[in-house]
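Okay, so here's the structure we're looking at.
Residues take their numbers from the sequence shown, with the count starting at 1.
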Amino acid sequence: MAEEDFAGVYSAKKAQVDQLLAQGNAEGALAASLQNPPFACKDDDLKKETARMVVGVLAKIKEPGEIMKAINALDPAAQDALMKYIYRGWDLAQPSKVNAALLTWHAQMVSALGKGVVCRAVMNARAV
């Protein structure tokens, strides 16, 4: 994919995520935000904006039961990408409330998927 195509994909994805959130469908917004992660994109600002979008969706899903349901609804590739975004979220200097939400998500991910999801997120060199 050409570098300028990543911006178009992000814009379309952002519009879809915003629409799903406005409809109260945070689980659907999470799935949409995790589609086609910009692994090959060289524009770090675009990667950061994508990560902020995903983290923003995570902050909307707060209850452990809802988190577990959202995790289990994702396919394995999206689950792995989600763990990468959790780590990337901590790199974005978010407010403490958001960091706490990321900790909750991390714990629920490990509970649902085991330590393998952590290993795959950390060991796979493709960054989000």
[X] side chain to [Y] main-chain N or O, any donor-acceptor pair under 3.5 Å?
X	Y	result
D80	V117	no
N124	R120	no
W105	L58	yes
K13	L34	no
S111	A107	no
Q79	L74	yes

Residues [X] and [Y] bridged, charged N to O under 4.0 Å:
X	Y	answer
K84	D91	no
E66	K69	no
D18	K14	yes

From [X] [atom1] over to [Y] [atom2], what is the distance, rounded to the nearest 0.5 angstrom?
X	Y	atom1	atom2	result
E49	S11	CD	OG	10.5 Å
F6	D43	CZ	CG	10.0 Å
L102	R88	CG	CZ	13.0 Å
N99	T104	CG	OG1	11.0 Å
L113	Q108	CG	CD	10.5 Å
Q19	L21	CD	CG	10.5 Å

Linked, directly or transitively: [X] and [Y] (ILVMFWY side chains, under 4.5 Å):
X	Y	answer
L20	Y10	no
L92	M83	no
V54	M68	no

**OP:** Could you walk me through whether Q94 and R52 pass side-chain contact (heavy atoms from CB on, under 4.5 Å), step by step?
**Re:** CA-CA 9 Å; Q94 299 288 327; R52 283 187 186 99; 4.1 Å; yes
Provide the closest heavy-atom pair for [X] versus [Y] in the form atom of the first, atom of the second, distance.
X	Y	answer
A32	V17	CB-CG2, 4.0 Å
V55	G89	CG2-CA, 3.7 Å
V128	P37	CG1-CB, 4.2 Å

**OP:** Before giving the answer on side-chain contact (heavy atoms from CB on, under 4.5 Å), spell out for L30 and L82 the whole-Å C-alpha distance, their side-chain angles and the decisive distance to 0.1 Å.
**Re:** CA-CA 9 Å; L30 177 62; L82 175 55; 4.2 Å; yes
Original post:
Between Y87 and H106, what is the ring plane arrangement, given parallel below 30°, perpendicular above 60°, and tilted in between?
Top reply: perpendicular
